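Note sheet for the following structure.
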Amino acid sequence: MRKIYTLIIAFCITQALMAQPGRIGQPQIQQRQPQMQPQIQRQPQMQQQATSIDAELQKLLVAEGAISALYVEDVDEKKIVESAIRGMLEELDPHSTYLTPEENDKSNETLMGSFEGIGVQFNMVEDTLFIVQPIPDGPSEKVGILAGDRIVTVNDTAIAGVKMSQESIMKRLRGPKGTKVVLGINRRGVDELIHFTVTRDKIPVNTVDAGYMIRPGIGYIKISSFGATTVQEFEEKLSDLRRQGAQSLILDLQGNGGGLLMAAVGIANEFLNRDQMVVYTEGRRSPRSAYMADGRGRFRDGKVVVLVDEYSASASEIVSGAVQDWDRATIVGRRSFGKGLVQRPIEFHDGSLIRLTVAKYYTPVGRCIQKPYGKDVDYGDDILERLNHGELTNRDSIHFPDSLKYSTMIERRTVYGGGGIMPDIFVPLDTTRTNQYYRKVTAKNVVLNTSMQYTERNRRMLQRRYRTFADYNRGFEVGNDVLKLFQDKASDAKVDFDEEQYNESLPIFKTQLKASIARLIWGMNAYYQVIQELDETILRAVKYMETGE
């Protein structure tokens, strides 16, 4: 029965938390506290609610007790309690979730900006861990592990050629800071296995993927998620771009699924003036709480464009909504995902937790970011529905009722609520570039596998011929040797060759191959500088920056 009491205690804690004002972390940006509302006597109503809660709890206890005591076979009480919690949350909304202790630990690593391990970027090639590059000054680089190495054993346990899951491999590689792990490395040109003893350490998880001058006077920064280190990473990239002469900025939030609220507030703060609202939250038991800019942002002047697409969600929508409402930036792309629910973590004694939705996000003009959900809405297939009815390819197919119209704070331009952030400049999804051969090649990771093998064979030659990435970007062309390897890799992956479709997609393949090779040698910054030529949203933003059209 101890687990039943745990459930009761957790339920009571939840009730107590729900009665408190909503806070997520300690804001570094000014937070304007809501005015206290006058207390209204509701004692009979509260007693009625308490009686109702007691009755429902009793029902839950009787059901669990009956199953535990009377069910025909042995019962895993932990499992049925977890199932009960998941079942309750599924009745609420798509983003209230239950996490096991393991899931909780894994999710915190990305948000908190670090984990403990050996410090390598890698890809799985078939069933072998291929090191893309060791993290600079990380534990693997310090002992001499190189890009292109393959890890085949961990503490004398084979991890290559044994069909071991990636999760199982990661469990062997990660561990507490200061602990040691022996890696067996297969290196090109060396016949025998090389062994390295690596002392695990804190490994940073970067959330800013790239920052470079995309055109003279125009900087570009790509943020992949919002975590504890995002603002610091952004400011470092921005300072570097300023030194290079950036007067305007493209902030790329395409595909950014969100993260920490305060990271989003911190990034929006970079562009807004003092006391301009970034976002406010409000819920049934969470009084309105507004987050304000502090006036110390580093890019409060200068032209700004923010890129979003149908996968930009949550924190991305907070940033883009704030700068759009204040007429501070032009939004380019397609309507964002529409995730505007605030989750509060409620942790259990075993490290598991509930992320319970307690409020909704609203932009400064009062737009609710959250798109509709419920039993009559196919929430998971929303993006497919957008594609089917033309929203992703034709702006004229997008229609909102007048009730969802809002006016921006300064220029009084019309913007829309009802789910997601509508761009000021629409860029349709290009569905003409892909064909069946392209989709099969992409699904089988043929471009990546080709790039890794080509780079492994030619790394020294490439580094001698092209001293810098700029030299490579100007001078390297994907030739017949790379394309022959690409076709061989596609054949190995059981992709039937289609000459017409291959030639149709060849310009895309060449750009992807060049970008992937650049990443393997010069890192993510180089990758984005090559691959941007395929991104119509980026190219449209550059045109707007240069011409105003």
Side-chain angles (χ1 to χ4, degrees), residues 209-210 214 220 222-225 250-258 305-314 316-317 319-321 324 329-340 369 371-372 377-400 404 415-448 501-502 504-512 515-516 527-545 549:
D209 283 350
I214 195 166
Y220 168 91
K222 168 76 172 177
I223 301 179
S224 58
S225 63
I250 297 173
L251 177 63
D252 192 346
L253 301 180
Q254 293 180 97
N256 183 322
V305 167
V306 178
L307 312 183
V308 298
D309 65 10
E310 57 276 16
Y311 297 105
S312 304
S314 188
S316 296
E317 295 170 300
V319 174
S320 52
Q324 187 180 50
T330 301
I331 311 300
V332 176
R334 294 179 292 280
R335 180 163 68 100
S336 61
F337 182 84
K339 195 277 188 186
I369 295 171
K371 64 186 178 183
V377 177
D378 197 343
Y379 193 84
D381 288 337
D382 172 64
I383 292 175
L384 180 60
E385 286 299 312
R386 295 191 204 182
L387 178 63
N388 289 339
H389 68 62
E391 177 184 329
L392 300 184
T393 54
N394 179 12
R395 178 160 193 151
D396 292 338
S397 68
I398 307 171
H399 302 284
F400 289 101
L404 295 177
V415 290
Y416 292 91
I421 301 299
M422 276 291 296
D424 301 303
I425 298 175
F426 175 74
V427 180
L429 180 68
D430 188 353
T431 59
T432 64
R433 287 183 170 186
T434 61
N435 51 47
Q436 188 175 16
Y437 181 78
Y438 174 87
R439 288 190 290 272
K440 288 180 179 179
V441 161
T442 301
K444 297 293 182 67
N445 289 322
V446 173
V447 168
L448 179 61
Q501 293 187 5
Y502 167 80
E504 186 178 68
S505 298
L506 188 56
I508 301 176
F509 291 143
K510 284 185 173 182
T511 303
Q512 290 176 335
S516 295
Y527 172 85
Y528 279 103
Q529 290 182 68
V530 178
I531 207 69
Q532 71 185 24
E533 298 306 319
L534 294 177
D535 192 321
E536 293 295 337
T537 303
I538 293 178
L539 298 178
R540 182 67 181 85
V542 170
K543 179 183 177 183
Y544 173 76
M545 282 289 199
E549 298 178 356

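Values in this document were obtained by computation on a predicted structure and should not be read as measured data. Below, all heavy atoms of this structure are taken into account, side chains as well, without hydrogens, waters or symmetry copies.
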So L387 and L429, do their side chains get closer than 4.5 Å, heavy atoms only?
yes

Between D209 and K222, is there a donor-acceptor pair closer than 3.5 Å when you use the side chain of the first and the backbone of the second?
no

Do other residues, nucleotides or ligands put more than 12 heavy atoms under 6.0 Å from the CD atom of E533?
yes

Quick one: are T431 and T393 in side-chain contact, heavy atoms under 4.5 Å?
yes

Between CZ on residue R335 and CZ on residue R395, distance to nearest 0.5 Å:
11.5 Å

Counting neighbours of OH on Y527 that are heavy atoms of other residues, nucleotides or ligands and sit closer than 6.0 Å, is the number greater than 12?
no

Listed partners of F509 passing ring pair (Phe, Tyr, Trp, His ring centres under 6.0 Å), at least two apart
Y438, F486

Report yes or no: does Q324 contribute a side-chain atom to a donor-acceptor pair with the main-chain N or O of M422 at less than 3.5 Å?
yes

side-chain contact (heavy atoms from CB on, under 4.5 Å) with Q529: which residues, sequence neighbours excluded?
Y212, F469, N525

Heavy-atom side-chain proximity of V542 to I214 below 4.5 angstrom
yes

Could you check if a side-chain atom of T330 sits within less than 4.5 angstrom of a side-chain atom of I425, using non-hydrogen atoms only?
yes

Heavy-atom closest contact (P423 atom, G333 atom, distance)
CG-O, 3.2 Å

Is any side-chain heavy atom of R334 closer than 4.5 Å to a side-chain heavy atom of F426?
yes

Expected output: side-chain D309 to main-chain Q254 donor-acceptor under 3.5 Å
no

How far does CZ of F337 sit from OG of S316, to the nearest 0.5 angstrom?
11.5 Å

Using side-chain contact (heavy atoms from CB on, under 4.5 Å) as the criterion, list what pairs up with S336, not counting sequence neighbours.
S312, E317, I421

Is there side-chain contact between V332 and T537, with at least one heavy-atom pair below 4.5 Å?
yes

Taking all heavy atoms of G418 and all of P372, pick out the closest pair and write down the distance.
O-CD, 3.7 Å

Side chains of L251 and V305 in contact at under 4.5 Å (non-hydrogen atoms):
no

Euclidean distance, K510 NZ relative to L534 CG, rounded to 0.5 Å
13.0 Å

Going through the distances and angles, do L253 and L307 end up as a side-chain contact (heavy atoms from CB on, under 4.5 Å)?
CA-CA 5 Å; L253 301 180; L307 312 183; over 6 Å; no

Enter the distance from D430:CG to E536:CD here, rounded to the nearest 0.5 Å.
6.0 Å

Partners passing salt bridge (charged side-chain N to carboxylate O under 4.0 Å, His left out) against D535 (at least two apart in sequence or in another chain):
none

Go through the side-chain N and O atoms of Y437 and S505 and say whether any donor and acceptor fall under 3.5 Å apart.
no

Going by heavy atoms in the side chains, are K339 and K371 under 4.5 Å from each other?
no

Reported NE2-to-CG distance for the pair H389 and L384, which is rounded to 0.5 angstrom:
10.0 Å

Just to verify, what does Y502 make a ring pair (Phe, Tyr, Trp, His ring centres under 6.0 Å) with, not counting sequence neighbours?
F497

Under 3.5 Å, side chain of S397 to main-chain N/O of E391, donor-acceptor pair present?
yes

Under the side chain to side chain donor-acceptor pair (under 3.5 Å) test, which residues partner N394, sequence neighbours left out?
none

